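Quantities reported herein were computed from a predicted structural model and do not represent experimental measurements. Naming convention: chains lettered A, B, ... in sequence-line order (proteins, then strands); numbering from 1 in each chain.
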Amino acid sequence: MKYEMSRVVRTVTDILVVPIIIFGIYLIIHGHLTPGGGFQGGAVIASSTALLVIAYGSFGKHKKDLSSLESLGLTLFILLALIGMGSTMFYNYISGTGGLFGGTLPSLGINPGYINTGGTITLMNLMVGLEVSAALSLIIWMMSKRSGMMEPEETISPSEEVEK
Amino acid sequence: MTWPIMVILILLSISLIFNALGTIGLHRFPDVYTRLHAATKCTTFGTIFMTFTVMAYSVREYVITEEAKFLNMAVHTLLALVALLVTNPTGAHAIARAAHKMGIKPEKAVRDDLKDSEVN
Amino acid sequence: MSEIVLIIQFLVLIGLILTALAVVFFKDLISAAIALGASSLLLSLQFFLLRAPDVAIAEAAVGAALTTAIFIFAIKSTERKEGYK
Amino acid sequence: MIDIGIVLEGIWSPIVFILVIILASIVAYWLYRMGNSQYEKTEHSGDPFISGNRPPGDIRKIHVGGDNLFWGLTKALKDYFDPLIEGHTGKLNDYMYWVVVTLAVVLVYIYLVV
Amino acid sequence: MRKSIAIVAFLVIFAFLAGAAVEMRPFGEPDQSAMDDHFLGDTQERHQVNNVVTAVLFDYRGLDTLGEATILFSAVSGVLTVLREIKKDEKEEEVATK
Amino acid sequence: MSWESLLLMMPYITVVLLMVIGLFTVLFKKNLIKIIMGITIMQNGANLFLVSLAYRSGEYAPIFTSAESTDMVMPTPHALTLTSIVIGLATTALMLSFTIMIKRHYGSINTEDVRRCKE
Amino acid sequence: MIDLNMYFYGAVGAFGLYIIISAFRVFLGPTVPDRTVGLDTINTLVIASMIGLGAAMWETLFIDIAIVYAILSFVTTLFISKYMEGMEGGEA
Amino acid sequence: MKRGKAFISTFLLALFTYLLLTLAAGQSMVEEAPLSHLLWSLEELVLGISVALIVASLTDHILCRKRNYRMLNPVRWIVMLVYTIPLFIEMAKANFDVAYRVITGKIEPAIVKIDPELKTDLGVTFLANSITLTPGTLTVDVDDEESELYIHWIKVGTDPTENIAGRFVKWIRRFAE
Amino acid sequence: MNFDIFVHSPAFILGIPLLFAFLTPLVNRLSEQLRNVVFGIGLVLTAFFVGLMSYQVLTEGSWLYVFGANQPEPQNLLSYFYFRITFVADSFAVLATITISITAVAAGIYSYGFMKDETGLNKFYTLFLLTLAGVNGMVLTGDLFNLFVWFEVTSVASCALVAFRNYRGRSVEAALKYMVLSTVGGLLVLFSIGLMYGQYGVLNYALLTQSISGTFIDKLALGLLVVIFAMKASSAPMHMWAPDAYSEAPGSVTPFIAITSLGSLFVLFRLLFGVIGVNVDPSVSGTLLIILGVLSMIVGVTMALVQTDLKRLIAYLSVSQVGYMMMAVGVGLATLNSADYQNFGTLAMKGGLFHMINDGVYKALLFLSAVAVVHVTDIRSLNKLGGLAHDMPYTTVFFLIGALSIAGIPPLSGFSSKLLIYQSVYLYSPVLAIVALVVSIITLAVVGKAFFNAFLGPDQGLAEKKVPSSMLFGMGLLTVVVIIFTLFPNLIVSEIVSPAVKALVGVMP
């Protein structure tokens, strides 16, 4: 069985991957202004991975990197939360301070949205996006490895016989 | 009724008609390939007209209100249109190829070059 | 104004129930997975109608792409037909 | 902090019990001393005593397995144990069945009583 | 027998859920919304953020999001654990049970 | 019951039906993947319930970019639903990977066969 | 005169009807590719409804969801077709 | 500098997408200027460029897998945009055709082979998708090495290569080859 | 900035295991030794913060930890503090977290020796810490949806732990059953949270307690919550997942899986006393608890009697022990609004909660020593085991202590709590006391059977290897705790259990 899909699908995949990733990143970093956020953007980025997996039937050897990325995102997330301990955990200590992501809205009510606001909310969006995209890619990677739809790696020992 | 509204309504009704045709064709055609003809062409065309409608609408609103969000809406609709144009025919092709690989024969087919090439 | 939104919701919800029933009664698991995909698609549309855009994006991403994908992987790695051999 | 007195609320006072144990062991040792002086050694005095008969084979190799203990009890209460064991089928649907049945019963109970 | 009991119990639960649907407050008209109104009014002022859902998700109920991410993390750990390779020669036979 | 009240009840009715359909699947279907699909349907029902609770008729999405004032639907259930969607995905993935391993060990994914742990 | 977004709501209502009609192809369709075609049609119709609703509600940002959906439904379609490519025999 | 061109093209695509997405979404750079809504704020530009850099460094091996940099030429983009007009006309025809067949049910399908003799992946992809969108034709399979396409034709006719693909091939040659 | 580490300890109890769990895969890329060290540090730090919180609660009184608030300790509780997620640091949470952390530390130390030969260990340690965090969050939280989240964390992580030995078909099967049940349960919990939220618009325990009035929907939510948490606490007749999961989990985490169900029991009590049960006529939910408890006791112990698998036997015993707690606390709940509460209800509550902390410890000891037997011999069947006392004297002593304690033999800690239960339950209904006594006697028979079959008899030379020292250390730690509980029951009851009863029954802070 061939593991790749047809030439048309592969070409369209190659073209679509970059815009999908950009779109996911757009959803993540505009999460505090528009619908979207870390989880949705991460899922969209992971779907680009799924697209590559399905079109080419193989996956690079980045499992450990993805796993580390996931842990890194979550570690930074919880550290961001723990730093707020000056007041309490999860206290938004950046918002309104004026620095990076600490901007203030010129007017309350309806506004077009300013990206340099939100404090820890924006940062946490980024961290969760990192974690979710890596995690969902790992799930896709691991499930596809066992399914027989992918190019077999050499390390997999297929032991399909049934115990009795 | 001013002419922009007329244009919007005409575009909208074209979209409705073609989507309806696609839906009917989905049930009237005998096999998967012909159904794909109906589903892909008609619904893609209808949805393209829906995006045109929304783009015309948002441009009109922008001209009236001068709010930036309507321009944003038009641009995003354009992006949705591009995404549709790229993905829909590719999806249809993938389905057709899979169906042929599964061994589903085209109904009432006169000739089948692909099948012959596989035999040889 | 609100009536027509309710009627659209009614149509979408009817479709949701029908697809959910189809998931249960299909013997072919891959068809059931397809029906499940259609179901979460309509659910996403319903979220959209209820003015929950964040949830709609999440449901679209999860229900449409990822859940269906992992179901298909699982069906491929196990067996396709429901029923006792 | 450490309360040595006997509390009548039902909390066991281990200090008292340790005293009782010491007392009991003294009594037991005393009884042992009384009996030990009249003990006579015979041929089979070190062997295990099972139903008065000589056990077959080498008695050192006899091993009483898990099925053998309380075999009589489970046999006698067959009508109780058999449905119970059969109830534990190991099927996922049955696990769900019990949850749902309990849920239904509890809901009806709450609805009727309150 | 068992199946009929299951169906009866199932129908009882159905009836209770349907009763809850009937008894529930009307759709679209919440009567108690103090918490949500507080969030809606407080978000822009406190966090300078437009999307209230994100503010609720990452600040007011940030712990929930931490838990959510934790669940995803543990699920991925679980998937990696369960689907990891089996060293067949060593570990295939089960520990003798019965 | 009038037509309009049925329209108004429809979201709750759908929620109940989805929950019950899922429960039915988990109770009576014997295929493990089918059972997991039933659980997914239940998740959909629960999510729909939460979002339906958030709706206030005729108001805006809880984002200040387009709303006119704070006449918005309630934001908390949206956050809760997002969380529960992620939880649903995670549990589904984990259960499916269990199923794959069970197929490998037992050669079947029917609950009649998957019962080595009993008594 | 009726407000313009009423027309959009009406169109979306019609799309809802089409979606239910197309869903019957998912239920009936004798082979798996037929069901997939039904799903594909529903996808496209839902994208159209989402775009229309975004315009009708004046919620600009709702169009994003349509884009996400357009991309992700493509992924789903590819997954199902990839599965079908490996299937033997087209029945049921 | 082996990755140079690939990096640049990925970077441009990423930046273009990002800017299109954030068009008129941020605050305007010049206050009170006409059409200032169309511009981007400084933050958005900086973010866009950095994001595009990151994405380009991560994924440049995907977009330019075949080391084909023809599309960097802006003239080809303009030709591609112009190409959408005949494509749109054909699509309109296609829909009336399908409408006719839906109503009458007159079909005589076949799968035919055509050979447009295109060389690049991009050209074949464009042709296949255009064929799928136009009257009575649907791409079923593509040969991996040659550019042979297998087309499901709803009303079979003579000279398939000319009848199906002839209208598009010369357009596609102009921008994709 | 006045940073008071005592006040922040509830957040640390949750945050430290999570942080170390997320760090473990990163550290694992550096070195495996370091990973083990990090795991140990995480466990010990968690226990340390539990100690800090306990000290503060028992000396200064309880407080609410509000996540994301301006100041750590709101002096005057404005109502909008309740809109955020709160953690309740009271004596009941102290009781729960102490039980959990004792078991966690012992099981963690035990794991070093037990899991040495397995692959994928970094995931194991990660999941261990995640389960710990989940259970801690579950018992500490004061918010309904947050409860659901930690509930799911606990189920997902512990199911993955059960399935850790994926080369055994049974392990995966048990994990799947456990997972399906907990997911369906979690969904029903989510549904009932939706019911509450739809009615009252709030999620905090304290705010809900004020507003719940006992409508039809409240009754439905009460039923759902009771049944699901009782199911997770492995109460009969929904206990069937428990023996599967307990017996198929990797041995060192078996007590930990048991602790998660004990955590569910803690949560069930908190919901019944603090949130919803008291508002819907407590005698009804009390009666429910008593019925479920009696069923669990009888079914658990009689099923244990016929088991031949050592781990399953102890698993069924733990089901029957859960019955004791449910019965005792049910008596307390049933008499809550009557004069009987002062007479014997509070005594029953004390017995039940004291039994919980006792049970958590000695059951862990019993499990760990049984697992040591299985580890050494690779045999679990009581038909084949025998004569191990010759080769494993320490394990024999540990098992004996645990067995006598679970059977309620007088000097040991199990007896002191059981005595409280008998005494108080007898006043409520003599039948219950008789049932409890009979079950206790059969428990003695069961552990006697296990001890006789496994350890006594002629030496058969089954022990292939030595018990590693870390495993002995883990068991020894638990034994020390059991002996402490044995020697100073009055101290434990007056210092930990009585405040817990007061915190549970009284109004929330």
Under 4.5 Å between any side-chain heavy atoms of G:Met84 and C:Ile72, yes or no?
no
Look up atom CG in G:Leu39 and atom OG in C:Ser31, then write down how far apart they are to the nearest 0.5 Å.
11.5 Å
Under a 4.5 Å heavy-atom cut-off, does chain G meet the side chain of C:Ile30, its backbone, both or neither?
side chain
List the steps, then state whether side-chain contact (heavy atoms from CB on, under 4.5 Å) holds for C:Glu59 with G:Ile65.
CA-CA 10 Å; C:Glu59 178 65 33; G:Ile65 306 170; over 6 Å; no
For the candidates C:Ala56, C:Pro53, C:Ala61, which exhibits the highest count of non-hydrogen atom pairs separated by less than 4.5 Å from chain G?
C:Pro53
The interface call for G:Thr77 against chain C, heavy-atom contacts under 4.5 Å, is neither
Which answer fits G:Ile20, side chain, backbone, both or neither, if we ask what part of it has an atom under 4.5 Å from a heavy atom of chain C?
side chain
Is chain C contacted by the side chain of G:Ile71, its backbone, both, or neither, given a heavy-atom distance below 4.5 Å?
neither
Heavy-atom distances under 4.5 Å only: say whether C:Leu66 touches chain G with side chain, backbone, both or neither.
neither
Contacting moiety of C:Phe25, where chain G heavy atoms sit under 4.5 Å:
neither
Within the supplied structure, the quantity of interest is the number of heavy atoms (other residues, nucleotides, ligands) at a distance under 6.0 Å from G:Phe24 CZ; does it exceed 12?
no
Applying side chain to side chain contact (heavy atoms under 4.5 Å, CB included), can you list everything that pairs with C:Ala69, at least two apart in sequence or on another chain?
A:Ile140, G:Phe79
Taking all non-hydrogen atoms of both residues, which atom of G:Met50 and which atom of C:Phe48 are closest, and how far apart?
O-CZ, 3.5 Å
For residues C:Glu3 and G:Tyr9, determine if any side-chain heavy atom of one lies less than 4.5 Å from a side-chain heavy atom of the other.
no
Heavy-atom pairs under 4.5 Å with chain G: which of C:Leu11, C:Ile7, C:Leu41 has the most?
C:Leu41
Part of C:Phe73 lying under 4.5 Å from any heavy atom of chain G:
side chain
Looking only at heavy atoms, which two atoms of C:Phe26 and G:Val26 are closest? And how far apart?
CZ-O, 3.5 Å
Counting heavy-atom pairs under 4.5 Å to chain G, which of C:Thr68, C:Leu45, C:Ile34 comes out on top?
C:Ile34
Strictly less than 4.5 Å between heavy atoms, which residues of residues 12-19 of chain C line up against chain G? Please order them by number.
C:Ile14, C:Gly15, C:Leu18, C:Thr19
Correct closest heavy-atom pair for C:Ala65 and G:Thr76 would be CA-OG1, 3.7 Å
